[in-house]
There are 2 protein chains.
Amino acid sequence: MDDVDRKILAELQLDGRLTITELAERVQLSVSPTHRRLRELERNGAIQSYRAVVNPEALGLNFEALVFVTMGEEDRATLLAFEEAVARIPNVRLAQRLFGDPDYLLRIVTTDLAAYARLQDETLSSLPGMQRLTSTMVMKQVVDDRPLPS
Amino acid sequence: MDDVDRKILAELQLDGRLTITELAERVQLSVSPTHRRLRELERNGAIQSYRAVVNPEALGLNFEALVFVTMGEEDRATLLAFEEAVARIPNVRLAQRLFGDPDYLLRIVTTDLAAYARLQDETLSSLPGMQRLTSTMVMKQVVDDRPLPS
DNA sequence: ACTGAAAGCGATGCAGA
DNA sequence: TCTGCATCGCTTTCAGT
């Protein structure tokens, strides 16, 4: 992991479909070693995947909420069951376990407020071990899933 | 935006470097119309960009925190100044304005706790209009920036 | 570990239905 | 709007330094 590798990661976070030819020009190296470095970054897990960034509104997903979860039981089995249940809900884009209170943050997208209300009532509020939910509507994306800093 | 377009978006969220040839097979169409549809999805903004998903640890970014921000002043000019200042901090991966309290959520990555402490003291705690910060360390990614649901 | 070249394969554009 | 084809460029591998 030298400066060239870091530059490759930076460029591919900005444009994940860069051709190796173009990438080679940007890192000032010929095609072969650029190709070799890229494959190695993929192999060793520095590059986890490639993704198209899709506009949620194009899919009619116009509503986003953050949910703060406080757990009632904190034993290992309950947390595992909670986390597996959360991972099975497709509307959950991000779920993080936190230190302190709340125990979890969930980032959730739905088509609209009504769909969210249904999701909370039918699914979220009966997650295993969950004691209390506090949810907040997102008004605006100020910084929207930016690349990692160098 | 028909079912084929939705399928294209779903596939490219799973693998943003799919070749058009491979994509065409997955959506059961020949290469030309698949190509045409893809370019149209890019042109109309349904596909906003392509990204390599990089493992933060590969770049030594081992620390993540969530910061809840309560504003002291809420006039338009102050909020604008706050949002612009936040957007200029490279460690901020996500910033959202929320309804209710807190006013903003920030998702922040740094190399370690010490670097975060420095960032909070030197930068975050003097953001324009900011009244109060509450920060929480992230213990674990349960669901890590998943594709949008279909 | 990089350079340069050769071969295979995909992207892109076009004719025809 | 689709299929099928032709051209061009990129990816991938390999010999040489």
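Not measured: the values here are computed from a predicted model. Below, chains carry the letters A, B, ... as their sequence lines are ordered, and counting in each starts from 1.
- Arg37(B) has a side-chain polar atom (N or O) that falls below the 4.0 Å cut-off from OP1 or OP2 of dC2(D).
- The pair Asp5(B)-Arg37(B) meets the salt-bridge criterion, since a charged nitrogen lies less than 4.0 angstrom from a carboxylate oxygen.
- Thr110(A) places none of its side-chain heavy atoms less than 4.5 Å from the side chain of Leu61(A).
- Here dT11(D) presents its P atom at 11 Å from CD of Glu25(A), a figure rounded to the nearest Å.
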Checklist outcome for this item: Given protein heavy atoms under 4.0 Å, the one-letter contact record of nucleotides 12-17 of chain C, with B base, S sugar-phosphate only and - none, is simply BBB---
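- The number of heavy-atom neighbours closer than 6.0 Å to CZ of Arg132(B), taken from other residues, nucleotides and ligands shown, is 12 or below.
- Map Arg17(A) and Asp2(A) each onto its nearest nucleotide of DNA chain C; the residue landing nearer the 5' end is Asp2(A).
- The distance from atom CG of Leu38(B) to atom P of dC2(D) is 13 Å, rounded to the nearest whole Å.
- In summary, Glu83(B) and Lys140(A) engage in a salt bridge, as defined by a charged side-chain N under 4.0 Å from a carboxylate O.
- A salt bridge is defined here as a Lys NZ or Arg NE, NH1 or NH2 lying under 4.0 Å from an Asp or Glu carboxylate O, and Asp145(A) with Arg51(A) fails to meet this definition.
- Regarding Arg36(B), its CZ atom lies at a distance of 11 Å from the P atom of dT3(D), rounded to whole Å.
- Distance from the side chain of Leu29(B) is smallest for dC2(D) among the nucleotides dC2(D), dC2(C), dG10(C).
- In this structure, the CG atom of Asp3(B) is 16 Å from the P atom of dT1(D), given to the nearest Å.
- Distance CD (Glu42(A)) to P (dT11(D)): 12 Å, rounded to an integer number of Å.
- Proximity of a side-chain donor or acceptor of Ser125(B) to a complementary backbone N or O of Asp121(B) within less than 3.5 Å is detected.
- Whole-Å rounding puts the Leu23(A) CG to dC2(C) C1' distance at 16 Å.
- As rounded to whole Å, 10 Å separates atom P of dA11(C) from atom CD of Glu22(B).
- Between Arg43(B) and Glu40(B) there is a salt bridge, since at least one side-chain N of the basic residue sits less than 4.0 Å from a carboxylate O of the acidic one.
- Atom CD of Gln28(B) is separated from atom C1' of dT1(D) by 17 Å (rounded to the nearest Å).
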